[in-house]
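These numbers were taken from a predicted model, which means no experiment stands behind them.
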Amino acid sequence: MNTTTTLPDDKQLLALEQKFDPEMRFRPSVPPGTVLIKWLLIILSCFHYYTAGFGLLRETTHRGVHLAFVLGLIFLVFAGSKAASHRQIHHGLATPGGIPWYDWLLGLAVALAVLYIPYTFEDLAFRVGNPNTYDVVFGSILFVALLEATRRSMGWPLPIIALGFSAYALFGPIFPGLLQHAGSSWSQFINHQYLTSQGIYGVAVGVVATYVFHFVLFGVLATRIGLGQLFLDIASSVAGRYAGGPAKVSVFGSAMFGMLSGSSVANAVTVGSLTIPAMIRVGYQRHFAGAVEAAASTGGQITPPVLGAAAFLMIEFLGLPYQTIITAAIVPAFMHFFGVFMQVHFEAKRYGLRGLTEEEMPKLLRSMKMRWPTLIPLFLLISILVSGRTPYLAAFVGITSSAIVGLTTQVRGNSPKNWLLMVVMHLALMSIAFTNFDEAVKLGIFGASVVATGLLMRRYKIRGRIEPAVLVEAFETGAKYALAVGAAAASVGIVIGVVTLTGVGFKISFIITGAAQTIAGGLGAIIPTYLMAFQSLTLLAALVMTAAVCILMGAGIPTTANYIIMVTVAAPTLVQLGVEPLVAHFFVFYYGVLADITPPVALAAYAAAGMAGSDPFKTGNTAFRLGIAKALVPFVFVFSPSLLLVAKGFTWYDFTVTFVGCLLGITMLATAFSKFFLVEMKRWEQALCIAAALLMVAPSLTATLIGVAMVVPVLLRQFRAWRAVPVAGLTH
């Protein structure tokens, strides 16, 4: 990691992501298929870019166009099997463009089935509840093709879950006890899933089509213009010189880069390609180096201001403004990175690992001088988000500003013409974003600005930090990255549809609540009521069960799908037990993200292990240990919602007690897991620190003070032993 180190090029990054993330495993194609797919992807990105800035279409039409492109393209971009995704097929009569004829047919069929709804929207209200033959046929085609598209883009788990819920809806009478219901005919099932907004065309697809796609595109474009590299340079300059520097760079870099990517695997691959070799070089074990990057990378989905796709779903489910969601995410995200950082620090101290030398670190001033304009898009995006305007308008401004900065400014040697052109283009952008002009006027301003910019750049031979071709490639890549999440959202719509059709969500809530009360009754015989009341024990048992299910579900499906399913079937239980909806949603969201570093299927850990050359399972276990704060903090903010800042009943006293207790508890856990504080720890010290840490993180001043008292003997023993270490050992 030196002054000449840069991010791997786009092809290298794509190859790494395809190796470890099934959502990025795109198959090769040949002309004319390659050209057609490329322009379909670009058109999809342009559609979302245009509607974000100049006005969304009618809800059903907007979702229909989005879903038709997404599902149709999946059959062209993803092969039917893993082996086929690596096999080059030549252009021929049976394989036009290197793609089998039946995939072209499936893509066309699913697109027509999706577009049938907006096409017949005018009389749709008269058919809901009484579908005709065409409705059932097209709905059946969509149902089958959707499950296949989801299988291709992210594997079997989510389609199996959707099929399981569908079987429950269709064969209700065969289920035992409380789960039994009257059942549904295929026609009724398709009617609910296809013709209403409670199924496939539901809120999940709406959020992806309205918010998520745009932020994926922004992240790709911001990375292309150099914002990701600037973040890594800042992280290296801030943390690189200290003990175990590359690992601390990984924590800071993943936190900042995660604001753009919102993806654990993409974060691990991009940042880890630089930090993992550097960590190994300074002395970290390979599995630990991979685990640090994996644990830090999972923070990308919980780091404001972009967060992951689930954050946008919260807006719709909770009816809260986006600035409320990102404010609530600040402290828990900080706690996650603080927990990883402290374990990294004590590990480095234990083994006496060095930091980066001056020659190995980038020059921050030089990097800022070259790349500071790349901060403008992020600044504008955050400004619009916190101003209360729509997230998709913020994404439109961020994407456009990224394009302006990329095309009009150079890495070195900008002339006054470059600066003037950038300023004028941003003024035009602001006139579109902050005025109430109608669509035609805004489009006129936008078109005139683009034409004028092109003419001026050609007249004065102005070159930017990216070529126009890179902008086109970013629109293509952004659409590719959004395909899998689009299919997942539609498949989760099937699950939601079954829940609303059968009412199984209430039944599951009743079952979980009953089980939690039984467990609480058993614990109540052991734990005195003055330590924890029966209601709190019941809530704790429900939280543990919910967390376990979130992790199990997340072992096979992406965070967004996991979040939607758990919000549908588990969050109502927590709300019934007195948890505020915002807090309940954050709880299942955090545990869904945690699955990315929880074996046996820990995608972020496996990606990092591949780059570190370490055992994936060992890397995953270590990553889970490093991310333990993410596992504890959700329990803390359920019992002390003040930690989320905007939850009801917030008080500075509760926040301060909980915040300080978490800092102390997470630090003590880090020392225990690292077996080091000032010197090597004894087993009794580790055990005492773990017990004290659990008391410290409990949202109670009394519990925190008891925890502090418990670690006093450890601190005294550590200090005496440290004083006895020879002078040469002090550097350790």
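- Between the Arg389 side chain and the Ile384 main chain, no donor and acceptor come within less than 3.5 Å of each other.
- Proximity of a side-chain donor or acceptor of Thr95 to a complementary backbone N or O of His91 within less than 3.5 Å is not detected.
- Salt bridge Glu439/Lys442: absent, no basic N to carboxylate O contact under 4.0 Å.
- The closest donor-acceptor contact from the side chain of Trp104 to the backbone of Ile99 lies under 3.5 Å.
- Side chain of Thr120 to backbone of Tyr116: a donor-acceptor contact under 3.5 angstrom is found.
- In terms of modelled atom types and a separation under 3.5 Å, the side chain of Asp103 and the main chain of Pro100 share no donor-acceptor contact.
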Check: Please walk me through it: do Ser45 and Glu476 pass side-chain hydrogen bond (donor to acceptor under 3.5 Å, both in side chains)?
Finding: CA-CA 7 Å; Ser45 288; Glu476 177 190 359; over 6 Å; no
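- Here the shortest heavy-atom pairing between Tyr563 and Leu313 reads CE2-CB, 3.7 Å.
- By the 30° and 60° cut-offs, the orientation of the rings of Phe213 relative to His48 is parallel.
- Ring to ring, Phe54 and Phe446 are close: their centroids are under 6.0 angstrom apart.
- No donor-acceptor pair closer than 3.5 Å links the side chain of Ser401 to the backbone N or O of Val397.
- Between His62 and Phe47, the ring centre distance stays below 6.0 Å.
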Next item on the list: Using the side-chain hydrogen bond (donor to acceptor under 3.5 Å, both in side chains) rule, take Arg58 and Thr60 through it: C-alpha gap first, then chi angles, then the decisive distance, then the call.
Entry: CA-CA 6 Å; Arg58 183 178 61 194; Thr60 305; 5.4 Å; no
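- With hydrogens and angles ignored, the 3.5 Å screen pairs a side-chain donor or acceptor of Arg63 with a backbone N or O of Tyr201.
- The two residues Ile225 and Arg465 come nearest to each other via the heavy atoms O-CD, 3.3 Å.
- The side-chain heavy atoms of Thr223 and Gln229, taken from C-beta on, include no pair separated by under 4.5 Å.
- Using a distance-only test at 3.5 Å, with no hydrogens or angles considered, no donor-acceptor pair links the side chain of Ser367 to the main chain of Leu364.
- Between Arg371 and Asp233 a salt bridge is recorded (basic side-chain N to carboxylate O distance below 4.0 Å).
- Counting heavy atoms from C-beta on, the side chains of Leu44 and Leu73 come closer than 4.5 Å.
- Panel note: side chain Arg151, backbone Trp156; no donor-acceptor pair is recorded below 3.5 Å.
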